[in-house]
Amino acid sequence: MSLPVVPFGSASMGYVGSSRLHGLFAVYKPPGLNWKHLRDTVELQLLKGLNSQKKHTPQEHVRFLLGPMEGSEGKELTLSATSVPVLSEHPLVRGPKYRSVKVGVGHRLDVKSSGVFVLGVGHGNKLLTDIYNAHLTKDYTVRGILGKATDDFSDEGRLVEKTTYDHVTPEKLSRILAVIQGSHQKALVMYSNLDLKTQEAYEMAVKGLIRPMAKSPMLITGIQCLQFAPPEFLLEIQCMHETQQLLRRVVHEIGLELKSAAVCTQVRRTRDGVFTLEDALLRTQWDMHSIQKSIQKAAPRIEAELEKCQTVALCPRDPVGQPAS
């Protein structure tokens with residue numbers, strides 16, 4: 001499949017013409033970089049790659065040109081058929097073949113955050129919508145520090161409070177995390193509108209396939225502590241419908257539940273749906289060849305995941321649109 005290349009005219013632009021440039025891929029977004037700047041950089045690199053491909057032989061057409069007749073010593077002129085290049089197709093006249101590549105973005109990351117950032121090109125822009133509607137979970141590692149609170153829940157915000165944290169233990173933190181996960185799992189069932197009395201719904205719950213049928217508040221499907229070295233701690237969070245600011249708020253609320261305070265020092269996305277850190281292209285790999293390979297590698301997994309989502313959508317639901325009692 002390839003998008004047509006529109007002839008250049010008064011307001012026409014070139015579009016993606018390579019069949020291998022249709023799909024989804026992931027890049028690694030470093031902290032401090034705006035997602036719009038990242039997308040624009042990728043678009044520019046793709047345009048450079050497309051326009052640097054092997055040039056086609058310029059078209060020629062036949063013209064009858066006036067020239068000296070053979071054997072006339074230049075005194076008599078005659079018309080002779082001659083092939084000449086079509087100047088309208090010359091690169092210096094036409095300009096670059098590709099002038100626009102539409103790169104769409106998936107779930108965004110704010111400036112402070114880093115990690116897996118999914119992009120779509122060509123027909124992949126429609127896949128971004130399909131993935132969004134599938135309500136897939138994402139993984140984050142979130143680092144926090146005990147003993148202080150700020151106005152924006154991050155370590156860069158304005159300090160509003162300092163507290164002690166000597167009484168905080170790994171056991172107390174684990175209990176708080178278990179309460180958070182339990183409350184969010186109940187909310188997940190509520191927003192999924194599943195009839196849990198059915199066999200299909202029970203099997204989905206066992207496999208962890210329960211998902212909300214529409215937009216919902218942030219839902220945490222799993223949360224655990226990976227490291228605890230006071231005052232620092234590192235959490236792993238699986239969630240959906242989140243923002244990075246909401247994850248920072250979670251760290252703040254954990255601090256309050258521990259009768260202390262906490263701020264978030266790092267938010268890093270390690271998985272977005274089927275894409276993991278291993279799939280994320282580094283800055284030195286934001287070129288057409290690497291992106292093509294990434295698209296081809298991810299395509300089978302995306303197709304399988306969307307098929308699984310269709311099964312989820314067909315699962316019996318409560319007829320009035322509410323959780324079964």
Side-chain angles (χ1 to χ4, degrees), residues 16 20-31 33-43 45-46 49 101-142 207-209 211-212 218-223 226 235-244 246-247 266-312:
V16 179
R20 291 183 297 172
L21 266 182
H22 290 280
L24 301 181
F25 61 99
V27 300
Y28 187 87
K29 188 193 94 63
L33 179 65
N34 186 285
W35 67 265
K36 293 181 180 179
H37 180 71
L38 186 155
R39 180 198 59 192
D40 293 345
T41 302
V42 171
E43 285 184 353
Q45 291 300 110
L46 286 176
V101 176
K102 174 62 177 176
V103 175
V105 300
H107 300 105
R108 299 173 184 174
L109 286 169
D110 61 26
V111 174
K112 298 177 183 178
S113 305
S114 62
V116 179
F117 187 52
V118 179
L119 300 171
V121 61
H123 298 316
N125 286 285
K126 180 184 180 301
L127 283 176
L128 286 174
T129 302
D130 296 336
I131 292 295
Y132 178 85
N133 293 332
H135 307 288
L136 302 180
T137 59
K138 297 175 282 298
D139 291 355
Y140 289 85
T141 53
V142 179
K207 296 177 182 178
L209 295 178
R211 293 169 185 165
M218 179 177 73
L219 297 172
I220 295 175
T221 59
I223 182 170
L226 298 179
L235 305 176
E236 182 181 59
I237 302 177
Q238 292 86 40
C239 55
M240 60 182 71
H241 301 169
E242 81 294 340
T243 66
Q244 290 76 57
L246 286 175
L247 292 174
Q266 182 190 61
V267 176
R268 183 173 183 244
R269 183 189 289 160
T270 58
R271 181 182 63 84
D272 187 347
V274 302
F275 293 95
T276 66
L277 286 173
E278 293 182 356
D279 302 307
L281 301 175
L282 300 178
R283 177 64 182 85
T284 55
Q285 299 172 306
W286 297 354
D287 58 83
M288 191 177 73
H289 178 68
S290 299
I291 290 173
Q292 286 176 334
K293 289 178 61 178
S294 182
I295 288 174
Q296 293 172 348
K297 180 182 176 182
R301 285 179 289 156
I302 295 170
E303 183 179 359
E305 189 64 40
L306 291 178
E307 288 179 357
K308 187 191 302 182
C309 293
Q310 291 180 353
T311 302
V312 173

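For clarity, every value in this text was computed on a predicted model and none was experimentally measured. Side chains included, hydrogens not; waters and symmetry mates left out as well; all remaining heavy atoms used.
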I'd like to know if the side chain of [X] reaches the main chain of [Y], judged simply by a donor and an acceptor atom lying under 3.5 Å from each other, with no hydrogens or angles considered.
| X | Y | answer |
| --- | --- | --- |
| Asp287 | Ser290 | yes |
| Arg271 | Gly273 | yes |
| Arg269 | Arg108 | yes |
| Gln285 | Leu282 | yes |

From [X] atom [atom1] to [Y] atom [atom2], the distance as rounded to the nearest 0.5 Å:
| X | Y | atom1 | atom2 | value |
| --- | --- | --- | --- | --- |
| Thr137 | Asp272 | OG1 | CG | 9.0 Å |
| Glu307 | Ile302 | CD | CD1 | 12.5 Å |
| Ile237 | Leu246 | CD1 | CG | 11.0 Å |
| Trp286 | Leu119 | CH2 | CG | 8.5 Å |
| Gln292 | Met288 | CD | CE | 4.5 Å |
| Gln45 | His289 | CD | NE2 | 14.5 Å |

Which atom of [X] lies closest to which atom of [Y], heavy atoms considered:
| X | Y | answer |
| --- | --- | --- |
| Tyr140 | Gln244 | OH-NE2, 3.2 Å |
| Lys29 | Leu109 | CE-CB, 3.5 Å |
| Ser114 | Pro30 | CB-C, 4.0 Å |
| Phe117 | Trp35 | CZ-CB, 3.7 Å |
| Arg39 | Val105 | CD-CG1, 3.9 Å |
| Leu281 | Phe25 | CD1-CD1, 4.4 Å |

Can you name the ring-ring contact (aromatic ring centres under 6.0 Å, His included) partners of His107, sequence neighbours left out?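 Partners of His107 under the ring-ring contact (aromatic ring centres under 6.0 Å, His included) test: none.
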
Residues at least two apart in sequence or cross-chain that pass ring-ring contact (aromatic ring centres under 6.0 Å, His included) with His37, listed by chain then number, are none

Validation row: Leu24, Ile131 side chains within 4.5 angstrom (heavy atoms):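 In contact.
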
Only counting residues at least two apart or in another chain, list the ones meeting salt bridge (Lys or Arg N to Asp or Glu O under 4.0 Å) with Glu305. Arg211, Lys308

With Lys293, which residues qualify under salt bridge (Lys or Arg N to Asp or Glu O under 4.0 Å), at least two apart?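 Partners of Lys293 under the salt bridge (Lys or Arg N to Asp or Glu O under 4.0 Å) test: none.
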
Yes or no on side-chain contact (heavy atoms from CB on, under 4.5 Å) for Thr221 and Met240, after CA distance, side-chain angles and deciding distance? CA-CA 8 Å; Thr221 59; Met240 60 182 71; 4.1 Å; yes

Please list, chain by chain and in numerical order, all residues satisfying side chain to side chain contact (heavy atoms under 4.5 Å, CB included) with Leu226, sequence neighbours excluded.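 For Leu226, the residues satisfying side chain to side chain contact (heavy atoms under 4.5 Å, CB included) (neighbours in sequence not counted) are Thr141, Gln224, Leu234, Glu236.
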
With Asn125, which residues qualify under side chain to side chain contact (heavy atoms under 4.5 Å, CB included), at least two apart?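 Asn125 satisfies side chain to side chain contact (heavy atoms under 4.5 Å, CB included) with Lys102, Leu128 once adjacent residues are dropped.
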
Identify whether the distance between the nearest side-chain nitrogen and carboxylate oxygen of Lys36 and Asp40 falls below 4.0 Å. no

Report the C-alpha separation of Val42 and Val121 in whole Å, then their side-chain angles, then the decisive distance to 0.1 Å, and conclude whether the side-chain contact (heavy atoms from CB on, under 4.5 Å) test is met. CA-CA 10 Å; Val42 171; Val121 61; over 6 Å; no

Do the ring planes of His22 and His123 sit parallel (below 30°), tilted (30 to 60°) or perpendicular (above 60°)? parallel

Residues Val116, Asp139; criterion side-chain contact (heavy atoms from CB on, under 4.5 Å); working and verdict: CA-CA 10 Å; Val116 179; Asp139 291 355; over 6 Å; no

For Ser113 and Leu247: C-alpha separation, side-chain torsions, deciding distance, then whether side-chain contact (heavy atoms from CB on, under 4.5 Å) applies. CA-CA 11 Å; Ser113 305; Leu247 292 174; over 6 Å; no

